Amino acid sequence: MRKTQSIAFFSALALFSVILSCKSNKVAPVSERIAKVWTASKVDENSTTVYTKGATNNIRNYAGFKLDLSAAPTVRYTEYDGNVFVGQYSVPDDNTLKLTNLNPSPTGDNGSITFTINSIDDTNLKLTRTSASQKTGGTTNVYTLTNP
C-alpha cells in the first residue's frame, strides 16, 4: 500500500513538472505581426475581383500596390496607380488598421484611411477598407495581401 502511494505521488509530481516546463507558444500581437511590407495578391472592388496576382485578365493592375508597415509607426502606402502616400499607422485594436496624416492627402480621405483587419497570419493579411475609394469609382475594396 505504501509503495502504491509513493508511485502515485511521484507520478503526480513528474506530471506537474512536465506541465510547468512546457512553454506555451504565445501569438504575437497584431500590431507586431502586421509590421511588414505587404503586396496585393487579390483585390475585390464591390465584391467583384478586379485583380489576382499572376492573372492575365485583370480589370485593374494592382501589381504596384504596396502597404509598407515595416518601420512602425511610419506607413508608405502605394496605390495601384503608383501614387505614394507617407504618414503614420496605428492598430487601435486587433480588427482595425488606421493610416493617418497621409501626405499628400488621398482624394476625399482627409489624410486618413481606415481598414478592418479580416484576418492575418505570418504571410497573409486581408483588409477591408471602411470607406469607399474615390480612386476606384466609389467602391468598397477588400485587399488580400501577402508578405513574400
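Note that the structure is a prediction, hence the values are computed from the model and not measured. Numbering starts at 1 and runs along the sequence shown.
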Is there side-chain contact between Leu67 and Leu127, with heavy atoms separated by less than 4.5 Å? yes
Donor-acceptor pair, Asn95 side chain versus Thr116 backbone, under 3.5 Å? no
ILVMFWY network linking Val86 to Leu97, side-chain heavy atoms under 4.5 angstrom: no
Is there a side-chain contact between Lys36 and Leu125 in this structure, where contact means two heavy atoms from C-beta onward sitting under 4.5 Å apart? no
Is the shortest heavy-atom distance from the side chain of Ile120 to the side chain of Ile34 under 4.5 Å? yes
Compare every heavy atom of Tyr89 with every heavy atom of Ala35, then report the nearest pair and how far apart it is. CB-OH, 3.7 Å
Rounded to the nearest 0.5 angstrom, the OG-CG distance for Ser112 and Leu102 is 6.5 Å
Do Leu69 and Val75 come close enough that some side-chain heavy atom pair is under 4.5 Å? yes
Starting from Ile117, can I reach Tyr143 by hopping between I/L/V/M/F/W/Y residues whose side chains sit under 4.5 Å apart? yes
Does a side chain donor of either Ser70 or Asp68 reach within less than 3.5 Å of an acceptor in the other side chain? yes
Tell me if a side-chain donor or acceptor on Asn61 pairs with a main-chain N or O of Tyr80 at a distance below 3.5 Å. no
Can you pull out every salt bridge (Lys or Arg N to Asp or Glu O under 4.0 Å) where at least one residue sits in residues 110-126? Sequence neighbours excluded, please. none
A quick test of your reading: do over 12 heavy atoms of other residues, nucleotides or ligands sit less than 6.0 Å from CZ of Arg76? no
Just wondering, are more than 12 heavy atoms of other shown residues or ligands nearer than 6.0 Å to NZ in Lys66? no
Verify, without hydrogens or angle tests, whether Ser41 (side chain) and Thr144 (backbone) share a donor-acceptor contact under 3.5 angstrom. yes
Test salt bridge (Lys or Arg N to Asp or Glu O under 4.0 Å) applied to Arg60 - qualifying residues, sequence neighbours left out: Glu45
Considering all heavy atoms, the nearest Leu145-Phe65 contact: CD2-CE2, 3.6 Å
Mind listing the closest non-hydrogen atom pair of Gly111 and Ser105 along with its distance? N-OG, 2.8 Å
Is there side-chain contact between Pro92 and Lys98, with heavy atoms separated by less than 4.5 Å? yes
Spell out, as yes or no, whether a donor-acceptor pair under 3.5 Å connects the side chain of Asn124 to the backbone of Thr146. no
I need the minimum non-hydrogen distance between Arg129 and Thr140, along with the two atoms involved. O-CG2, 3.4 Å
Sub-3.5 Å donor-acceptor pair from the side chain of Tyr62 to the main-chain atoms of Val43, do we have one? no
Determine yes or no for a side-chain-to-main-chain donor-acceptor pair under 3.5 angstrom, with Thr114 supplying the side chain and Thr130 the backbone. no
For the hydrophobic clusters of this structure (ILVMFWY residues joined by side-chain heavy atoms under 4.5 Å, transitively), does one cluster hold both Tyr77 and Trp38? yes
Just how far is it from atom CD of Gln134 to atom OG1 of Thr139, taken to the nearest 0.5 Å? 11.0 Å
